[in-house]
J.: 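First the structure, which I've put down as structure tokens, then a few questions once you've had a look.
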Amino acid sequence: MDFPENLPSDIGRLEQIVSHFFPKALHIVLNSRIPSLQSRGRSRERLSGLNVRKSDKWFNLVMGDRPPALEKLHSWHRNILDSMIIDIILVHPISTDTLDVDDDHHGDSTVRSAETVIERWVVQYENPLIMSPQSSESATRYQKVYKKSIILLRSLYAQTRLLPAYRVSRQLSSSLASSGYDLIYKVSSFSDIFSGPVTETMKEFRFAPVEVPPGRLCASVTYRSDLSDFNLGAHITLPPRIITDYVGSPATDPMRFFPSPGKSVEGNSFIGRAGRPPLTGSSAERPHSWTSGFHRPPAQYPTPNQSFSPAHSHQFSPGLHDFHWSRTDAFGDNHQLSPPFSPSGSPSTPRYISGSNSPRINVRPGTAPVTIPSSATFNRYVSSNFSEPGRNPLPPFSPKSTRRSPSSQDSLPGIALYRSSRSGESPSGLMNQYPAQKLSKDSKYDSGRFSGVLSSSDSPRFGFSRSPSRLSSQDDLDDPDCSCPFDFDDVDESGLQYSQSLDRRKTSSSISQSLPLGRRSSQDAAVGVLVHMLKTAPPLRQDSSTYMASMSGVQREGSVSGTESEFSMARSTSDALEELRNYKQLKDLLLSKSKSGSGATRVH
Amino acid sequence: MNCEVCQLKELEVESFEIREVLRCILHTIVFHRALGLIRPKDIDLELFEITYVQCGEIEVEKKIDEKIEQFVNWIEKHPNKKSQICLSFYEVKSKQPSWFTNKIERLYWEQWYINLNVLQPAKPPVGKSHHSKLVMDPGEASEERSSRRTLLEQSLQEVLFQIIKFVNEKKDHVPPINDGVIYCPFEITIPSSSDSAFGMDMFKRILHSGHPSMLG
């Protein structure tokens, strides 16, 4: 064994072991706890006997040069029988409320701090009263003792890295700013006994003693196992760390951005949610790139309502912005938030519903009336509605469609709600049950709005009002729900029925038959009616056949029979005869007048 | 000379934690058995808030890392298994040379058994609910993982305390320090693929660690 110093006696060597044990232990403990006492010159180069001081080779544990403070301590501890007690003290700030008078204070009047012993290392050489008999193998005895003391110091070294105070020391040494915390030490030969409550929070670890005749080397540590009471983590600023779960990163859980689906979003802007499931469509949960400017992290959302409304307003607006601003109606910004009636989130059709019937509908309070758009804009609106990806393509708002497809009815509960509040009927089969009175009311109410349409459709409407079958068509014309007054699906079908009957009757004079009910709009229909009127107007020249037909078409009330051709033939003949008679009478009258005029000269 | 055996507390680790855990344990043990002149090296674990000590010898580091890699490869072939790594310290005893044998005998005086239960992460089921599972799993899995990590950190600290305690209590069996020898020679035994080889290793170990009178 490479013993540092060759001493003549075994006892001297043993005494040397003990005497060097104390400073080595002190060096190990303070080096791991007090950053200012950390040894310098500890390079990673391979150890060689040349670059290591003899004093540092003790116990085969190279620690580096001992700081001057430790040298002084070593010189102080001369008597090996004296215990060496190393207190590691944590200086920490305290609040004035919990200030204990008995605690030690720093001299700084502005900073209130306290000192708490978090570790106590005790190294002592216990000398028994009875001397143990020396073994015969004295030459190897100190080698064994030295080996065991080396192992003891190895374990003490490892233990200093495992106790909680080591983390505190590392935190304080790496802290960027002064935090009011500090670790200091106190070395003494005796120490105050820990109070009862303190010992309850402290644990003790005793190292196995090493027999060093005549006594034995003992080491123990009493430490606080839990240092969370001092809130070290909250006050110590550590070097910056990469946050891997930063909110807003695409890799994070999208569910964390939004309220849970179970919450019902009852924002005011989303009216019409009564009876409708919360808006938890995929668009709500999935952050869109174009909502990044408006979406805020959930931590900033005070309520789920607010979190949804701005996001949704801008989620649904892009496809409709062009349309909305092109009209520049009474829509305010609030109506960008106007809720879609459909869970798909498309507010196109519902917007019209609400706007046109706001005084009537209590479903959506706060929505301003809107003017019915022109057919062109409606077409664009409908097409944009259908072209929106990821949305349920809403069918054209038509009673026919709602009648035919209950599913679409279900998907438009808001519309159903409106329907039921308006007509008082069940959502299914709505349009056909509209009473005529309501129709007139609607027309009266909507006169201002439907002015452009009504003016061209007045007479046909009047004509329509007579036929109950026209009511549905009329409803389509007048229905303010529908952005397009005409529900061309419905009318087309009814028109188709009429055309079929007309084919059988072979009449071209019926209004319904001749009505050019285009699919496009009421205006087109009105134009068609006008054209028809012009076509069927009596010609300037007396074309008996066409005139008869037009006359019959104008005066015709509507119903046709199967014998229409004969009837028309009979009517035309009788009319002709009557006209002939009328001409004859007129002629006779004129002739008589002329004769009487000429005969005034001669009296018969 | 007795062979002291220490069975360390079993640790449940995931495959990516094996290297750090094994390095920590093996180096801590070897540090207490590297009784020559050393300059200790403090190593901070990345996965846990634990600092352990290495003896600073490059050969030791290399030898340990090689064995750990072999073990990791073995674990990949034998997943979800409880495994044991044996760190044995021995003395080289040259047998009396005879006509037939001239082997160098190893006398094991200390054995450490590191018990690991390597857990494989549960894979999400492939199927219709795959997407929904993926959506749900990250939150739950991260919580589960963090709690398991905390438990493992505590267990690892307990294992290190166990090592220190054992090292302190048993010192008499440690052979004397030879001049120029930095650390006690050791070998690391990992589970082998074939049972027969493992059995042979065990048989050799029994022979070497037997009573000196048996060996003659």
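Values in this document were obtained by computation on a predicted structure and should not be read as measured data. These numbers come from the heavy atoms of this one structure, side chains and all, not from hydrogens, waters or symmetry mates.
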J.: So does B:K82 have more than 12 non-hydrogen atoms from other groups sitting under 6.0 Å from NZ?
T.: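 It does not: B:K82 NZ has 12 such atoms or fewer within range.
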
J.: One pair to check against side chain to side chain contact (heavy atoms under 4.5 Å, CB included): A:L162 and B:I164. What are the steps and the verdict?
T.: CA-CA 10 Å; A:L162 289 181; B:I164 292 171; 3.6 Å; yes

J.: Counting only non-hydrogen atoms closer than 4.5 Å, does B:V53 touch chain A with its backbone (N, CA, C, O), its side chain (CB onward), both, or neither?
T.: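 For B:V53, side-chain heavy atoms alone lie under 4.5 Å from chain A.
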
J.: Mark yes or no for whether B:N168, through its side chain, and A:F207, through its backbone, hold a donor-acceptor pair below 3.5 Å.
T.: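 Looks like no, no N/O pair under 3.5 Å.
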
J.: For B:E169, give me all partners under side-chain hydrogen bond (donor to acceptor under 3.5 Å, both in side chains), at least two apart in sequence or on another chain.
T.: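 B:E169 satisfies side-chain hydrogen bond (donor to acceptor under 3.5 Å, both in side chains) with no residue once adjacent residues are dropped.
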
J.: Check for a donor-acceptor pair, side chain of B:K171 on one end and backbone N or O of A:S149 on the other, with a separation under 3.5 Å.
T.: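 No; zero donor-acceptor contacts below 3.5 Å.
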
J.: Is the closest side-chain heavy-atom distance between B:D44 and A:R170 below 4.5 Å?
T.: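 Of all side-chain heavy-atom pairs linking A:R170 with B:D44, at least one is under 4.5 Å.
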
J.: What I want to find out is whether A:K144 reaches B:D172 closely enough, with some N-O distance under 4.0 Å, to be called a salt bridge.
T.: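 No, A:K144 and B:D172 are not salt-bridged.
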
J.: Which value, rounded to the nearest 0.5 Å, describes the distance between A:N60 atom CG and B:I177 atom CD1?
T.: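 Answer rounded to 0.5 Å: 6.0 Å.
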
J.: Mind checking whether B:V174 and A:K147 have side chains closer than 4.5 Å, heavy atoms only?
T.: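 In contact.
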
J.: Taking everything shown except B:K165 itself, do over 12 heavy atoms lie less than 6.0 Å from its NZ?
T.: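 Result for NZ/B:K165: open.
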
J.: For residues 25-35 of chain B, give me every residue with a non-hydrogen atom less than 4.5 Å from any non-hydrogen atom of chain A.
T.: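 Residues in range: B:F31, B:H32, B:R33, B:A34, B:L35.
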
J.: I'd like to know whether A:V62 forms a side chain to side chain contact (heavy atoms under 4.5 Å, CB included) with B:I38, so could you lay out the CA-CA distance, the side-chain angles of the two residues, the decisive distance to 0.1 Å, and finally the verdict.
T.: CA-CA 6 Å; A:V62 178; B:I38 60 166; over 6 Å; no

J.: Does a sphere of radius 6.0 Å around CZ in A:R206 hold more than 12 heavy atoms from other residues, nucleotides or ligands, not counting ones at 6.0 Å or beyond?
T.: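 No, not enclosed.
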
J.: Tell me whether the count of non-hydrogen atoms from other residues, nucleotides or ligands lying under 6.0 Å of CD in A:E126 goes above 12.
T.: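 Counting other residues, nucleotides and ligands, CD of A:E126 exceeds 12 neighbours.
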
J.: Measuring only between side-chain heavy atoms, which start at C-beta, is B:T51 closer than 4.5 Å to A:R167?
T.: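 The answer is yes, as the side chains (C-beta and beyond) meet within the 4.5 Å cut-off.
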
J.: To the nearest 0.5 Å, what is the distance between CG on B:D42 and OG on A:S32?
T.: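 Rounded to the nearest 0.5 Å, the CG-OG separation comes to 9.0 Å.
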
J.: Side chain, backbone, both or neither: which part of A:I28 has a non-hydrogen atom closer than 4.5 Å to chain B?
T.: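 Contact with chain B: none, neither part.
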
J.: Which bit of B:Y52 is near chain A, if near means a heavy-atom gap under 4.5 Å: side chain, backbone, both or neither?
T.: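 Neither; nothing under 4.5 Å.
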
